[in-house]
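Encoded as structure tokens, the structure appears first; notes follow it.
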There are 2 protein chains.
Amino acid sequence: MVNAALKLFSRHGVGGTSLQMIADEIGVTKGAVYHQYPTKDQIVLAAAEAELANVEQVVRNAEAWPPGRKAQGVLVEGIVDLAIARRREMGTILTDPVIADHFEGDAVFADVMHRLRRLMTGDESGPEARVRTATLIAAISGAVVHPFVAGLDDEVLRVELLRLARRFLGLPN
Amino acid sequence: MVNAALKLFSRHGVGGTSLQMIADEIGVTKGAVYHQYPTKDQIVLAAAEAELANVEQVVRNAEAWPPGRKAQGVLVEGIVDLAIARRREMGTILTDPVIADHFEGDAVFADVMHRLRRLMTGDESGPEARVRTATLIAAISGAVVHPFVAGLDDEVLRVELLRLARRFLGLPN
DNA sequence: GTCTATAGTGCGATAGAC
DNA sequence: GTCTATCGCACTATAGAC
């Protein structure tokens, strides 16, 4: 259900997705949808959190390594893989205005972003570190939905993106 | 009117913006809006094209220079300035699903993107060139709306983004 | 847990007065 | 060119049978 919602959100936007569309997508009626989630807002929230959980898992994997280049490499590889596996969905939670509103002031979102920045820039937290982190995330999650790469094979895209991201971070090859 | 629509689109998404909201924003009634545009689709199209025209102007400025590093520098500076001046609006035309649908197969959009890629990668047009171009555009237009940089001063953000973009392209300082 | 039925609201769009 | 008034429809949400 949450997955069906995310798929529709990323294809029509949150505002352009109705409960009827979600119900149709999973093959039930609106009433059944309302049984699980009392409001549309709750569905949006659940979908956004589910997608954020994927990012959190990638961050957690990278945190298993001691701080440094290896951890950064694991992080970048995880983000690239995630962005490719979910080309539209990942960008949606970062760019859709309705979901951005939901995450503004959200503690879990802030925590994941903070840990992500820490992995990439260590203890720096000034403007340079912030812009660098925001840029890398935006680059990867945004690039995968750009028309230029719409027709590219997943594996080709993966290799190119990884190369660019590693160079961006100053990591070996 | 087109500007009011773009502002609302970037704040609530295209699907989440009603004609009533647009009418209220510019201080008229729905009837007056319908006098200028026969359908909501036409408004969306006009708004998207207006924003695309800004990008086209930046590309045109860069094309005034002979192909090479100078042209690339002008291009990157123009894109960064545009993204900062219109932090939300520029990202909207690249990420909102409704607008992306409008641009899919659009000749003007394809032309601007083609010229942009040509400026950045010359005559190469393989996967590597495509991913590189898509990544740079996504990075800049996406980074400016990321929560990490929400509180940053425009000028600070501009300097950092320019530095990152230049390094990404292998341009001097 | 899924259904039908329906309330209440706001939507896109149209018609016609001024 | 802007207004009011209104149509038909789809929406979110609720109530209650099975």
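A, B, ... follow the sequence lines: proteins, then strands. Residue 1 opens every chain.
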Quiz item: Is B/Lys7 close to B/Asn3 at the side-chain level, that is, under 4.5 Å between some pair of heavy atoms?
Solution: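 B/Asn3 does not reach B/Lys7 side chain to side chain.
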Quiz item: Are A/Met21 and A/Val28 in one and the same hydrophobic cluster, where Ile, Leu, Val, Met, Phe, Trp and Tyr link if side-chain heavy atoms are under 4.5 Å apart?
Solution: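 Same cluster.
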Self-check item: Charged N-O contact under 4.0 Å between B/Glu89 and B/Arg11
Solution: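 No, this pair does not count.
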Quiz prompt | Flag if over 12 foreign heavy atoms under 6.0 Å of CG, B/Asp123 | solution =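 No, the 6.0 Å shell around CG holds no more than 12 heavy atoms from other groups.
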Quiz item: Quick check: are there more than 12 heavy atoms from other residues, nucleotides or ligands sitting under 6.0 Å from CD of B/Glu104?
Solution: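 No, the 6.0 Å shell around CD holds no more than 12 heavy atoms from other groups.
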Checking contacts here: which listed nucleotide ([options]) is nearest the side-chain heavy atoms of [X]?
X	options	value
A/Ala32	D/dA13, D/dT2, C/dC3	C/dC3
A/Lys40	C/dT2, D/dT12, D/dT2	D/dT12
B/Leu19	C/dA13, D/dC3, C/dT2	C/dA13
A/Ser18	C/dG12, C/dG1, D/dT12	D/dT12

Rounded to whole angstrom units, what separation is found between the [atom1] atom of [X] and the [atom2] atom of [N]?
X	N	atom1	atom2	value
B/His35	C/dC18	NE2	P	18 Å
B/Lys30	C/dT14	NZ	P	12 Å
B/Ile43	C/dG12	CD1	P	9 Å
B/Tyr34	C/dA17	OH	C1'	20 Å
B/Tyr37	D/dG1	OH	P	13 Å
B/Asp24	D/dT2	CG	C1'	15 Å
A/Asp41	D/dA13	CG	C1'	13 Å
B/Gln20	D/dT4	CD	P	11 Å

Quiz item: Which part of the nucleic acid, if any, lies within contact of A/Thr29, taking any heavy atom under 4.0 Å across all strands shown: a base, the sugar-phosphate backbone alone, or nothing?
Solution: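 A/Thr29: base contact, heavy atoms under 4.0 Å.
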Quiz item: How do A/Met21 and A/Pro38 order along DNA chain D: which one's closest nucleotide is nearer the 5' end?
Solution: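 Going by which nucleotide is closer to the 5' end, it is A/Met21.
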